[in-house]
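Throughout, protein chains are lettered first and strands after them, A, B, ... in sequence-line order, and every chain is numbered starting at 1. Reckoned from all heavy atoms, side chains included, excluding hydrogens, waters and symmetry mates.
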Protein chains: 2
Amino acid sequence: MKYNILEKCNLLGLKMTEQRKIIIQVIVDSSDHPDVELVFKRASKVDNRISIATVYRTIRLFQEHGIIDKHEFGGSRSRYEKASDIHHDHLIDIKSGKVLEFKNDKIEALQKEIASKLGYELVEHRLELYAVPKGCASIGKDK
Amino acid sequence: MKYNILEKCNLLGLKMTEQRKIIIQVIVDSSDHPDVELVFKRASKVDNRISIATVYRTIRLFQEHGIIDKHEFGGSRSRYEKASDIHHDHLIDIKSGKVLEFKNDKIEALQKEIASKLGYELVEHRLELYAVPKGCASIGKDK
DNA sequence: TTAAATGCAAATCGTTTGCGGGCCC
DNA sequence: GGGCCCGCAAACGATTTGCATTTAA
(Lines give C-alpha, C1' and ligand atoms only; values in the text may rest on other atoms or scores of the structure.)
Protein backbone atom coordinates (compact mmCIF):
# COMPACT_ATOMS: atom_id res chain seq x y z
CA MET A 1 0.00 0.00 0.00
CA LYS A 2 3.00 2.28 0.41
CA TYR A 3 5.10 2.95 -2.64
CA ASN A 4 8.06 5.15 -3.18
CA ILE A 5 8.19 7.58 -6.05
CA LEU A 6 9.92 5.24 -8.49
CA GLU A 7 7.27 2.60 -7.86
CA LYS A 8 4.49 5.10 -8.28
CA CYS A 9 5.93 6.12 -11.64
CA ASN A 10 6.01 2.51 -12.71
CA LEU A 11 2.42 1.99 -11.70
CA LEU A 12 1.49 5.04 -13.73
CA GLY A 13 3.42 3.78 -16.73
CA LEU A 14 5.77 6.75 -16.76
CA LYS A 15 9.11 6.27 -18.45
CA MET A 16 11.98 6.53 -16.05
CA THR A 17 14.48 8.78 -17.74
CA GLU A 18 17.77 9.93 -16.35
CA GLN A 19 16.33 13.41 -15.88
CA ARG A 20 13.33 12.17 -13.97
CA LYS A 21 15.48 10.07 -11.68
CA ILE A 22 17.57 13.10 -10.85
CA ILE A 23 14.60 15.36 -10.28
CA ILE A 24 13.04 12.78 -7.99
CA GLN A 25 16.24 12.49 -6.04
CA VAL A 26 16.48 16.26 -5.66
CA ILE A 27 12.92 16.53 -4.42
CA VAL A 28 13.32 13.66 -2.00
CA ASP A 29 16.53 15.12 -0.64
CA SER A 30 15.14 18.65 -0.24
CA SER A 31 13.40 19.58 2.95
CA ASP A 32 13.18 23.28 2.15
CA HIS A 33 10.25 23.29 -0.28
CA PRO A 34 12.31 24.45 -3.28
CA ASP A 35 10.88 26.25 -6.30
CA VAL A 36 11.46 25.08 -9.88
CA GLU A 37 14.52 27.26 -10.30
CA LEU A 38 16.13 25.71 -7.26
CA VAL A 39 15.25 22.16 -8.24
CA PHE A 40 16.76 22.95 -11.63
CA LYS A 41 19.96 24.24 -10.04
CA ARG A 42 20.29 21.23 -7.81
CA ALA A 43 19.52 18.82 -10.62
CA SER A 44 22.00 20.55 -12.92
CA LYS A 45 24.71 20.05 -10.37
CA VAL A 46 24.18 16.31 -10.72
CA ASP A 47 23.87 16.32 -14.49
CA ASN A 48 23.96 19.50 -16.49
CA ARG A 49 22.30 18.06 -19.58
CA ILE A 50 18.96 18.77 -17.95
CA SER A 51 16.82 21.69 -19.12
CA ILE A 52 14.52 23.84 -17.07
CA ALA A 53 11.63 23.01 -19.37
CA THR A 54 11.99 19.40 -18.36
CA VAL A 55 11.99 20.34 -14.70
CA TYR A 56 8.79 22.30 -15.22
CA ARG A 57 7.22 19.45 -17.16
CA THR A 58 8.28 16.78 -14.71
CA ILE A 59 7.23 18.65 -11.63
CA ARG A 60 3.88 19.42 -13.15
CA LEU A 61 3.42 15.80 -14.13
CA PHE A 62 4.30 14.54 -10.69
CA GLN A 63 2.08 17.08 -9.10
CA GLU A 64 -0.87 16.07 -11.24
CA HIS A 65 -0.32 12.49 -10.17
CA GLY A 66 -0.15 13.37 -6.50
CA ILE A 67 3.51 12.50 -6.25
CA ILE A 68 4.52 15.94 -5.15
CA ASP A 69 2.63 18.82 -3.56
CA LYS A 70 2.60 22.38 -4.79
CA HIS A 71 2.51 25.41 -2.53
CA GLU A 72 2.15 29.09 -3.14
CA PHE A 73 3.70 30.75 -0.15
CA GLY A 74 4.78 34.34 -0.08
CA GLY A 75 6.74 34.88 -3.26
CA SER A 76 5.94 34.75 -6.93
CA ARG A 77 7.18 31.24 -7.65
CA SER A 78 5.46 28.04 -6.61
CA ARG A 79 7.30 25.73 -4.27
CA TYR A 80 7.22 21.97 -4.04
CA GLU A 81 7.70 19.07 -1.69
CA LYS A 82 7.35 15.31 -1.83
CA ALA A 83 3.75 14.36 -1.14
CA SER A 84 3.38 12.77 2.25
CA ASP A 85 0.70 10.45 3.54
CA ILE A 86 0.43 12.44 6.70
CA HIS A 87 -1.27 15.74 6.01
CA HIS A 88 0.40 18.80 7.46
CA ASP A 89 0.21 22.57 7.26
CA HIS A 90 2.96 25.16 7.18
CA LEU A 91 4.33 27.97 9.24
CA ILE A 92 6.44 30.38 7.22
CA ASP A 93 9.10 32.35 9.05
CA ILE A 94 8.82 35.71 7.35
CA LYS A 95 12.21 36.79 8.65
CA SER A 96 14.23 33.93 7.24
CA GLY A 97 11.85 32.34 4.75
CA LYS A 98 12.21 29.04 6.55
CA VAL A 99 9.17 26.78 6.43
CA LEU A 100 8.11 24.61 9.36
CA GLU A 101 5.53 21.86 9.14
CA PHE A 102 2.90 21.14 11.72
CA LYS A 103 -0.19 19.10 12.23
CA ASN A 104 -3.14 19.85 14.43
CA ASP A 105 -6.15 17.59 14.60
CA LYS A 106 -8.30 20.09 16.42
CA ILE A 107 -7.96 22.58 13.59
CA GLU A 108 -8.67 19.90 11.02
CA ALA A 109 -11.83 18.95 12.87
CA LEU A 110 -12.95 22.55 13.19
CA GLN A 111 -12.52 23.10 9.48
CA LYS A 112 -14.78 20.19 8.66
CA GLU A 113 -17.27 21.48 11.15
CA ILE A 114 -17.25 24.98 9.68
CA ALA A 115 -17.74 23.69 6.17
CA SER A 116 -20.54 21.47 7.36
CA LYS A 117 -22.30 24.34 9.12
CA LEU A 118 -22.20 26.28 5.88
CA GLY A 119 -23.75 23.34 4.05
CA TYR A 120 -20.56 22.08 2.48
CA GLU A 121 -18.39 19.03 2.47
CA LEU A 122 -14.72 19.85 2.89
CA VAL A 123 -12.55 18.64 0.02
CA GLU A 124 -9.27 20.24 0.88
CA HIS A 125 -7.84 23.24 2.60
CA ARG A 126 -4.88 25.49 2.80
CA LEU A 127 -3.61 26.81 6.08
CA GLU A 128 -0.47 28.87 6.30
CA LEU A 129 0.80 30.73 9.31
CA TYR A 130 3.12 33.65 8.65
CA ALA A 131 5.12 34.40 11.75
CA VAL A 132 8.30 35.79 13.26
CA PRO A 133 10.52 34.10 15.83
CA LYS A 134 9.48 35.05 19.36
CA GLY A 135 11.38 38.02 20.62
CA CYS A 136 12.16 39.73 17.34
CA ALA A 137 8.49 40.55 17.03
CA SER A 138 8.20 44.26 16.34
CA ILE A 139 11.89 45.04 15.95
CA GLY A 140 12.53 46.22 12.46
CA LYS A 141 8.96 45.59 11.50
CA ASP A 142 9.37 47.60 8.34
CA LYS A 143 6.80 47.38 5.55
CA MET B 1 -11.89 55.98 13.93
CA LYS B 2 -13.83 54.43 11.07
CA TYR B 3 -13.37 55.89 7.63
CA ASN B 4 -14.73 54.96 4.29
CA ILE B 5 -12.46 54.52 1.33
CA LEU B 6 -12.75 58.08 0.05
CA GLU B 7 -11.79 59.39 3.47
CA LYS B 8 -8.88 57.00 3.71
CA CYS B 9 -7.58 58.21 0.36
CA ASN B 10 -7.79 61.77 1.58
CA LEU B 11 -5.88 60.95 4.71
CA LEU B 12 -3.21 59.32 2.60
CA GLY B 13 -3.02 62.33 0.31
CA LEU B 14 -4.10 60.37 -2.75
CA LYS B 15 -5.62 62.34 -5.57
CA MET B 16 -9.20 61.44 -6.20
CA THR B 17 -9.51 60.98 -9.93
CA GLU B 18 -12.57 59.93 -11.86
CA GLN B 19 -11.00 56.51 -12.47
CA ARG B 20 -10.26 55.92 -8.83
CA LYS B 21 -13.77 56.89 -7.83
CA ILE B 22 -15.16 54.37 -10.26
CA ILE B 23 -12.80 51.60 -9.22
CA ILE B 24 -13.66 52.20 -5.58
CA GLN B 25 -17.34 52.05 -6.37
CA VAL B 26 -16.91 48.79 -8.26
CA ILE B 27 -14.97 47.20 -5.42
CA VAL B 28 -17.45 48.35 -2.82
CA ASP B 29 -20.36 47.07 -4.87
CA SER B 30 -18.77 43.68 -5.57
CA SER B 31 -19.28 40.87 -3.13
CA ASP B 32 -17.77 38.20 -5.36
CA HIS B 33 -14.07 38.91 -4.87
CA PRO B 34 -13.46 39.95 -8.49
CA ASP B 35 -10.08 39.76 -10.22
CA VAL B 36 -8.52 42.74 -12.00
CA GLU B 37 -10.02 41.77 -15.34
CA LEU B 38 -13.49 41.76 -13.84
CA VAL B 39 -13.02 45.03 -12.00
CA PHE B 40 -11.84 46.48 -15.29
CA LYS B 41 -14.92 45.20 -17.11
CA ARG B 42 -17.26 46.58 -14.49
CA ALA B 43 -15.46 49.89 -14.35
CA SER B 44 -15.45 50.16 -18.13
CA LYS B 45 -19.19 49.76 -18.17
CA VAL B 46 -19.42 52.93 -16.09
CA ASP B 47 -16.81 54.84 -18.07
CA ASN B 48 -14.90 53.27 -20.90
CA ARG B 49 -12.04 55.79 -20.83
CA ILE B 50 -10.45 53.72 -18.12
CA SER B 51 -7.46 51.50 -18.92
CA ILE B 52 -6.56 48.17 -17.40
CA ALA B 53 -3.14 49.51 -16.44
CA THR B 54 -4.86 52.02 -14.23
CA VAL B 55 -6.95 49.31 -12.66
CA TYR B 56 -3.80 47.34 -11.90
CA ARG B 57 -2.06 50.40 -10.53
CA THR B 58 -4.98 51.53 -8.44
CA ILE B 59 -5.72 48.14 -6.99
CA ARG B 60 -2.10 47.64 -6.11
CA LEU B 61 -1.96 51.07 -4.51
CA PHE B 62 -5.08 50.47 -2.46
CA GLN B 63 -3.85 47.09 -1.44
CA GLU B 64 -0.54 48.46 -0.26
CA HIS B 65 -2.43 50.95 1.85
CA GLY B 66 -4.66 48.33 3.39
CA ILE B 67 -7.74 49.64 1.64
CA ILE B 68 -8.40 46.40 -0.16
CA ASP B 69 -7.34 42.81 0.45
CA LYS B 70 -5.73 40.52 -2.08
CA HIS B 71 -6.42 36.81 -2.30
CA GLU B 72 -4.93 34.02 -4.32
CA PHE B 73 -7.61 31.37 -4.47
CA GLY B 74 -7.63 28.55 -6.95
CA GLY B 75 -7.02 30.22 -10.29
CA SER B 76 -4.12 32.07 -11.78
CA ARG B 77 -5.35 35.60 -11.19
CA SER B 78 -5.44 37.37 -7.86
CA ARG B 79 -8.80 38.41 -6.51
CA TYR B 80 -9.74 41.38 -4.38
CA GLU B 81 -12.23 42.63 -1.84
CA LYS B 82 -12.74 45.72 0.22
CA ALA B 83 -10.70 45.42 3.43
CA SER B 84 -12.92 44.86 6.40
CA ASP B 85 -12.25 45.57 10.06
CA ILE B 86 -13.55 42.18 11.02
CA HIS B 87 -11.12 39.48 9.98
CA HIS B 88 -12.58 36.53 8.15
CA ASP B 89 -11.49 33.50 6.19
CA HIS B 90 -12.94 31.97 3.04
CA LEU B 91 -14.67 28.85 1.87
CA ILE B 92 -14.45 28.35 -1.86
CA ASP B 93 -17.16 26.33 -3.56
CA ILE B 94 -15.13 24.38 -6.11
CA LYS B 95 -18.24 23.54 -8.09
CA SER B 96 -19.46 27.06 -8.67
CA GLY B 97 -16.46 29.15 -7.73
CA LYS B 98 -18.58 31.01 -5.23
CA VAL B 99 -16.74 32.32 -2.17
CA LEU B 100 -18.27 32.35 1.30
CA GLU B 101 -16.80 34.18 4.24
CA PHE B 102 -16.63 32.88 7.76
CA LYS B 103 -15.08 33.68 11.08
CA ASN B 104 -14.09 31.28 13.82
CA ASP B 105 -12.45 32.44 17.00
CA LYS B 106 -11.48 28.96 18.08
CA ILE B 107 -9.41 28.45 14.96
CA GLU B 108 -7.81 31.85 15.35
CA ALA B 109 -6.83 31.01 18.90
CA LEU B 110 -5.44 27.63 17.90
CA GLN B 111 -3.30 29.22 15.23
CA LYS B 112 -1.70 31.56 17.73
CA GLU B 113 -1.15 28.66 20.05
CA ILE B 114 0.50 26.54 17.36
CA ALA B 115 2.82 29.33 16.34
CA SER B 116 3.69 29.94 19.95
CA LYS B 117 4.50 26.29 20.57
CA LEU B 118 6.87 26.40 17.63
CA GLY B 119 8.55 29.44 19.12
CA TYR B 120 6.92 31.99 16.86
CA GLU B 121 4.68 34.96 17.09
CA LEU B 122 1.86 34.86 14.57
CA VAL B 123 1.80 37.83 12.20
CA GLU B 124 -0.86 36.76 9.76
CA HIS B 125 -2.38 33.67 8.28
CA ARG B 126 -4.23 32.34 5.33
CA LEU B 127 -6.99 29.81 5.71
CA GLU B 128 -9.02 28.65 2.78
CA LEU B 129 -11.50 25.80 2.72
CA TYR B 130 -12.18 24.21 -0.66
CA ALA B 131 -15.47 22.39 -0.57
CA VAL B 132 -18.50 21.12 -2.44
CA PRO B 133 -22.14 21.64 -1.51
CA LYS B 134 -23.38 18.78 0.66
CA GLY B 135 -24.95 16.06 -1.40
CA CYS B 136 -23.12 16.54 -4.66
CA ALA B 137 -19.96 15.28 -2.99
CA SER B 138 -18.55 12.61 -5.28
CA ILE B 139 -20.98 12.97 -8.17
CA GLY B 140 -19.12 14.09 -11.21
CA LYS B 141 -15.98 14.60 -9.19
CA ASP B 142 -13.92 15.06 -12.34
CA LYS B 143 -10.92 16.87 -10.96
C1' DT C 1 10.42 0.09 -33.22
C1' DT C 2 7.79 3.61 -31.66
C1' DA C 3 5.39 6.29 -28.45
C1' DA C 4 6.84 9.18 -25.09
C1' DA C 5 10.36 12.46 -23.25
C1' DT C 6 13.81 15.97 -24.11
C1' DG C 7 16.07 20.54 -25.37
C1' DC C 8 15.60 24.72 -27.42
C1' DA C 9 13.42 28.78 -28.38
C1' DA C 10 9.30 31.04 -29.08
C1' DA C 11 4.74 31.86 -27.12
C1' DT C 12 1.58 32.81 -23.36
C1' DC C 13 -0.45 34.97 -19.37
C1' DG C 14 -0.87 37.97 -15.61
C1' DT C 15 1.16 41.98 -14.16
C1' DT C 16 4.38 46.00 -14.19
C1' DT C 17 6.57 50.00 -16.15
C1' DG C 18 8.60 53.97 -19.13
C1' DC C 19 6.99 57.62 -21.48
C1' DG C 20 4.56 61.73 -23.04
C1' DG C 21 0.37 64.04 -22.23
C1' DG C 22 -3.47 65.35 -18.92
C1' DC C 23 -5.68 66.59 -14.65
C1' DC C 24 -6.38 67.24 -9.43
C1' DC C 25 -5.24 70.23 -5.47
C1' DG D 1 1.74 75.30 -11.77
C1' DG D 2 3.58 71.28 -10.41
C1' DG D 3 3.40 66.84 -9.30
C1' DC D 4 0.75 63.00 -9.34
C1' DC D 5 -2.09 60.23 -12.55
C1' DC D 6 -3.53 58.50 -16.99
C1' DG D 7 -3.40 55.65 -21.40
C1' DC D 8 -0.62 53.27 -24.38
C1' DA D 9 2.42 49.92 -25.65
C1' DA D 10 6.43 47.65 -24.62
C1' DA D 11 8.81 44.94 -20.95
C1' DC D 12 8.69 41.48 -17.49
C1' DG D 13 8.93 36.96 -14.93
C1' DA D 14 7.07 32.55 -14.33
C1' DT D 15 5.40 28.94 -16.83
C1' DT D 16 3.91 26.44 -21.05
C1' DT D 17 4.33 24.73 -25.66
C1' DG D 18 5.61 23.45 -30.78
C1' DC D 19 8.88 21.10 -33.09
C1' DA D 20 12.70 18.33 -34.37
C1' DT D 21 15.58 14.95 -32.02
C1' DT D 22 16.62 11.40 -28.64
C1' DT D 23 15.52 7.60 -25.68
C1' DA D 24 13.24 4.06 -22.68
C1' DA D 25 10.73 0.00 -23.09
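In this structure, CZ of A/F40 is placed 13 Å from P of C/dT6, rounded to the nearest angstrom. What separates CG of A/D47 from P of C/dT6 is a distance of 12 Å, to the nearest Å.
Under the 30°/60° scheme for interplanar angles, the aromatic rings of A/F73 and A/H71 are found to lie parallel.
Among pairs with a residue in residues 11-20 of chain A, those fulfilling salt bridge (charged side-chain N to carboxylate O under 4.0 Å, His left out) read A/E18-A/K21, at least two apart in sequence or across chains.
Comment: A/D93 does not engage A/K98 in a salt bridge, judged by the lack of any side-chain N to carboxylate O separation of less than 4.0 angstrom. In this structure, B/K103 does not pair ionically with B/E108, as no charged nitrogen and carboxylate oxygen lie closer than 4.0 Å. One finds no salt bridge joining B/D29 and B/K82 here, because no Lys/Arg side-chain nitrogen approaches an Asp/Glu carboxylate oxygen to under 4.0 Å.
Think of the region where chain A sits on DNA chain D: with heavy atoms and a 4.0 Å cut, that region ends 5' and 3' at D/dA14 to D/dA25.
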| task | List the steps and the verdict of side chain to side chain contact (heavy atoms under 4.5 Å, CB included) for A/D69 and A/Y80. | result | CA-CA 6 Å; A/D69 288 336; A/Y80 304 86; over 6 Å; no
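Backbone-only contact: B/Q19 has heavy atoms under 4.0 Å from sugar-phosphate atoms and none from a base.
Mapped onto DNA chain C by nearest heavy atom, B/N10 and A/R49 fall at different nucleotides, with A/R49 at the one closer to the 5' end.
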| note | Nucleotide by nucleotide, nucleotides 9-22 of chain C touches protein heavy atoms under 4.0 Å in the pattern (B base, S sugar-phosphate only, - none) -----SBBBB----
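Inter-residue side-chain proximity for A/R126 and A/E124 is flagged as unmet; no heavy-atom pair is nearer than 4.5 Å.
Between B/H125 and A/H90, a ring centre-to-centre spacing not shorter than 6.0 Å is recorded.
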